[in-house]
Structures are given as C-alpha cells and as structure tokens.
Amino acid sequence: MDETNRRVAELLHFMGQLLEIRGEDTFKVRAYHRAAEQITRLNRSLRSMNGEEIRQIEGIGERIAQKIQEILDKGTFQELETIRAGIPATLIELLNLEGVGPKTIARLWRAMGIQSLEDLERAARGHRIRAIKGFGERKEQEILHAIDLYRRQGSRMTRLQADQVVQCVTAVLPLGTYDVAGSYRRGKSTIGDIDIVVALSPSSVNPRLREIAQEVIDEGDRRTSIRCEGQRVDMRFTKENEYGSMLLYLTGSKEFNIRLREIALSRGLKLNEYGIEDRRDGKLHTFPREEEIFTFLGMEYIPPEIREDQGEISLAFQHSLPQLVSQTEIKGDLHTHSSWSDGHLTLEELANAGAAAGYLYLLCSDHSASLGIAHGLTEEKLRDQMGEIEWINRNSPCQILTGTEVDILTDGTLGLSGSVLKDLDLVVASIHSGFKQERDAITRRMITAITNDHVDIIGHPTGRLLGERESYDIDMIRVIDAAADARTALEINASPHRLDLDDLHVREARNKGVKLAIGTDAHDEKELSYIKYGIMIARRGWCEARDFLNTMDEDALRKFAS
DNA sequence: GCCGTTTTCGGCCCGACTGTTTTCAGTCG
C-alpha cells in the first residue's frame, strides 16, 4: 500500500479506537473505522488527490476529509492529538483481549488506573478487580485467560492451517450436514477463525464437540464456540428450511451483511439469519438455499468470494456481475519445479502429475543458477533440460512447456542471458534477493524486468511470506501500470504460504488490463492442488477466464510469449 | 461522523451468549 495512505488509515483507526474507549457514539466510531478501511482499499495515493476527490470516497464526508488534509499537511490532526493527550495509548492494546471491550477498559482505567496489559494482569492476579461493582471472580479468571491467549496467539492462519482445523472439527460431523462459512468460504488468503453452519440438532452435536475441543468457549442451543488446535471455531445450528439464511449470514463479510440488511430494510424487509420478514404483512419467508434469497430480493447470485460491499451488490441488482473464473477453465499450471533444481518430481513424473490433474500443459520453471540455494540451472543445463522435455512431450497428453524462474538481479537485469531465454516457451522472472532495497530502487528494478522483452510473467510480485515476511517495499501502482504497458503478465502465486499477488492488487491489475498467470510453485505432486487457493484469490479479484494466461490453449500461450 | 426518490435531521443490521444481574449491559460475530 502507498505509504501515505497507510499512515492516514492508521491514524483514523487509532482515532476510532480512542473514541471507543471514551465511550463515544458507536456510529461515530464506526465512521472512522470505515473511512480507514476505505483508504486501505484505495488504488491511488491520497497525495495525488485533491480535496474534492477525497470527499468523493464512499464513507468520507466533510469532517474526515478535512482531517485527512490535516494529516497530509502536518502528519497528524489536532483533534486526535487533543484526545490522545487524555487517554494512555497503551489502553488500545487491551482491545485485543477476548471478552474485554471498550467499556470494560474505560472502567478499569478510571476506577483503578489500569493503563496496560501488565497493570491489568497484576490487578487480576491480586484479586483486586472483583472489588469493582459489576465485576466478579469469573470475570477475573476470564481476563487472565484472555491475556494468556493474547500472548500465545500467533498471526492469522494460513489456508493450510485452516484446512487442518476444519478437518479436526468436521471429523465429528456427517458429510452433507454442514458448510464451512466465514472468511474461509470467501477465499481469503489468511483466516482468523473458522465458522461452520450445521443442520443438526445442538443436542446431538454439542457432546461431540466437547470431546474434540481444547476448550469450550461457550455453548448454546443456537451457537457453540470451541477452541481447536489453538484456534477459535464458531458453529451455528440451523434447521434445513432456514439453512440458506444462516449460510448467507455466517459467510459475511460483515460489511456485506450490513449493506444487504440496510437495502432489505429500505424495502420494508427485515433480513436476518432465519429468513426475511415482510414488515408490511408480517409474513416470514424462509430459504433452504442461499440462491433463493438473492432471487427473492431480485438479485443475481453473488459468489462468496466477492461479498465485500465493494460494488458487487449494485451490480447484482443489475444482473451484471462478472463471470468469475472457475477451476474447470484452467488448462495448466504456470509455475512448477522439477528435480533438475529443488523440486522432487522428475520431468516425466511432472508430466504425469499434470495429466492426472487434467491439464493440457505445465510450465517447468526451475530456478536460474544465480540463486545458489535452490540448485539453480546454468544455461547449459537448461538447454539439456529443454532436450529432455522435447523427448518426454512426444508421449505425454500433458505437455511440459519449457521455462525458467529467472532471478531479477539487484540492478533489474536477469540471471540468464537473452540467448537462452529467447528459446524458452515462457520466462518467469522473480526477485529472490536484495529485499531491503529502498522503495524507489526496488520498484525501478522490477520495472526494468517487466520491460525486458524476454520476460513473460513476474513471479510472486510482492515477495511476501504469510505470517513470516512482509512484502518488500515496492510501489505496486507503478508496477501494475508498467505491466499493463509492457503486456507482461503478473503471477498469482498459489502457494498458501504466499498468495501473491493478493486480491486487491489482482483486482487493480485486472482493471488495468494486465494478464494474470496462476502458478502453484509446486515442488511435488501434492502441491499442484494449491491451484485452488490461487483461484480463490483470482475470484476475490473479480477475474474472469479471459483475464488469465492459464485459460489459453498452448498456441495462444506461445503467441502471447512471442 | 455519514448520508438522503420515505429524511438536511434522525436514522444508522441484527441476534446470541455470559456474568452478575432481578431486567440488562457488554461483547462478539
């Protein structure tokens, strides 16, 4: 994200949190958080926008626009500084504690002078909190537990970790009685908690959940929350004739639900997780399937991946949503490694694995020799490999395309010479070193590679490793513009450890006409299945089949590369 | 604080569960 935008969003969020602790109107608090959220989604720098343009952003009115202007001029805004002077900033951290909200924090601070996590822990251990009216022994225990959880809690789950938790929980549910909803179903690149809708009676499910749960957070007839593999799992019980409503509700996103309910309300309809009530005649409509709710409202079905209140709702009313790409339209994987470098499959095994996956082709993109750690290929080895591939292709239903994942060196030149690159079917170029270069340098380095005639695809464009490494500091707006001009494709690296590009950049790239390439970066056969994660990201980025190289047949692909 | 073919003022999604409560506030999703 643009550095200025990041700063502005951060301060607006901060303002929202301070107001929350001050006990201000929740709608005012929400306005700040919403404005901040909108800015993180912005596809251009606030610095390049005038006051009128900023004011046009949905959810930003006159007052917040003024504050943004102040931040742009002075780095902060007066009202924030005034409030900040009256509230210890360390209180904000306490908002992260499960079961502890702004009201509790404010009371603890006012009544006992508790300012930090450490203060709170001491007070709870010393049994001093129960002295405050409305707090008891249980609350003390709950606070200590929340502090412990917060300290041990890692970042959000990768899709792989989420799959494990899902497997653990759904092992006690008969197939066909449940759906995993929430951000998992929306295809997000990382998952906060697991939400499950189940069409069984709580009396039959709750005992089974107790057996597999590390901890039962709370248990009821309509909702049960447990912790499993260290992660929170929320389960909602529903009747079959209301299943669609519950699934819609639990899939979210929150913003999407709010907007949809607002729209329903403006038409005299009350929408909740049990159905739709017509307020004029009091009639309650129930929906076994999600599709029926959209139809009832006169809308096109909105796929879970784009339910974010980012324009999809009005398009659904006009019946003009994009036809999101699906797995069956993918003709091949455009990023794999073989045993010639650091992969585990021989070329022949790779071809067989591709055929088993139903692919017409696979791009073998082993590393170039400049990257010592991954047993990279020299030009000579690469030419040997091309020979073997030609031989294997004669008898394989799945063709191996010759290629490489060549290093983008620190000056933007490539780790292999043009004389060999020009003979390959497709060239993927990626940054694997010099992550610390400053923003402008690394951006220009990337653009040099993008404009190199031999480069067809930029691999994992931001370099992030989920939960491990931030992306390098790169100006993706410039990168995407350059890719559009040079007609170079950007990769959606489908490895669940990367998912790079992420959805917002994908949508931006697509809007600018940049072609995308999904590649799993597979090093063994199992990892070819990661393609599904890449498709989720592509769908979240509103992509259709025509936005991809992977949906082309071999001839069209070669034509693109030439 | 935002927003507007029901409103420039008065709305702002809706419901589940817990604790410490005698009817509800706080938190969460």
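Scope of the values below: all heavy atoms of this structure, side chains included, with no hydrogens, waters or symmetry mates. Lettering follows sequence order; numbering is per chain, from 1.
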On DNA chain B, does the nearest nucleotide to A:Y32 precede the nearest nucleotide to A:L97 from the 5' side, or the other way round? Give the residue.
A:Y32
Identify which nucleotide among B:dT27, B:dG29, B:dG1 has an atom closest to any side-chain atom of A:T104, counting heavy atoms from C-beta outward.
B:dT27
Distance only, no hydrogens: is a donor on one side chain within 3.5 Å (strictly under) of an acceptor on the other, for A:Y530 and A:D521?
no
Quiz question: by atom type and distance under 3.5 Å, do the side chains of A:R222 and A:Y274 form a donor-acceptor pair?
yes
When you check every protein heavy atom under 4.0 Å of nucleotides 13-21 of chain B, what one-letter string (B, S, -) results, 5' to 3'?
BBSBSSSS-
If the threshold is 4.0 Å, N to carboxylate O, is there a salt bridge linking A:E290 and A:R185?
yes
Lys/Arg-Asp/Glu bridge criterion (N-O < 4.0 Å) met for A:R122, A:D119:
yes
Quick one: A:R55 CZ to B:dG1 P, roughly how many Å, whole number?
13 Å
Any base atoms under 4.0 Å from A:L95, or only sugar-phosphate, or nothing? Heavy atoms, all strands.
nothing
Touch class at under 4.0 angstrom, heavy-atom based, for A:R232 against every strand present
sugar-phosphate
For the C1' atoms, the ones on B:dC17 and on B:dT23, what distance do you get once it is rounded to whole angstrom?
16 Å
Does B:dC24 pair with anything, Watson-Crick or G-U wobble, both distances under 3.5 Å, and if so, with which nucleotide?
B:dG19
Taking the six-membered ring of A:Y243, is NZ or CZ of A:R236 closer than 6.0 Å to its centre and within 45° of its axis?
no
Run A:D503 and A:K188 through salt bridge (charged side-chain N to carboxylate O under 4.0 Å, His left out) and show every step you take.
CA-CA 8 Å; A:D503 48 8; A:K188 290 207 68 164; 5.8 Å; no
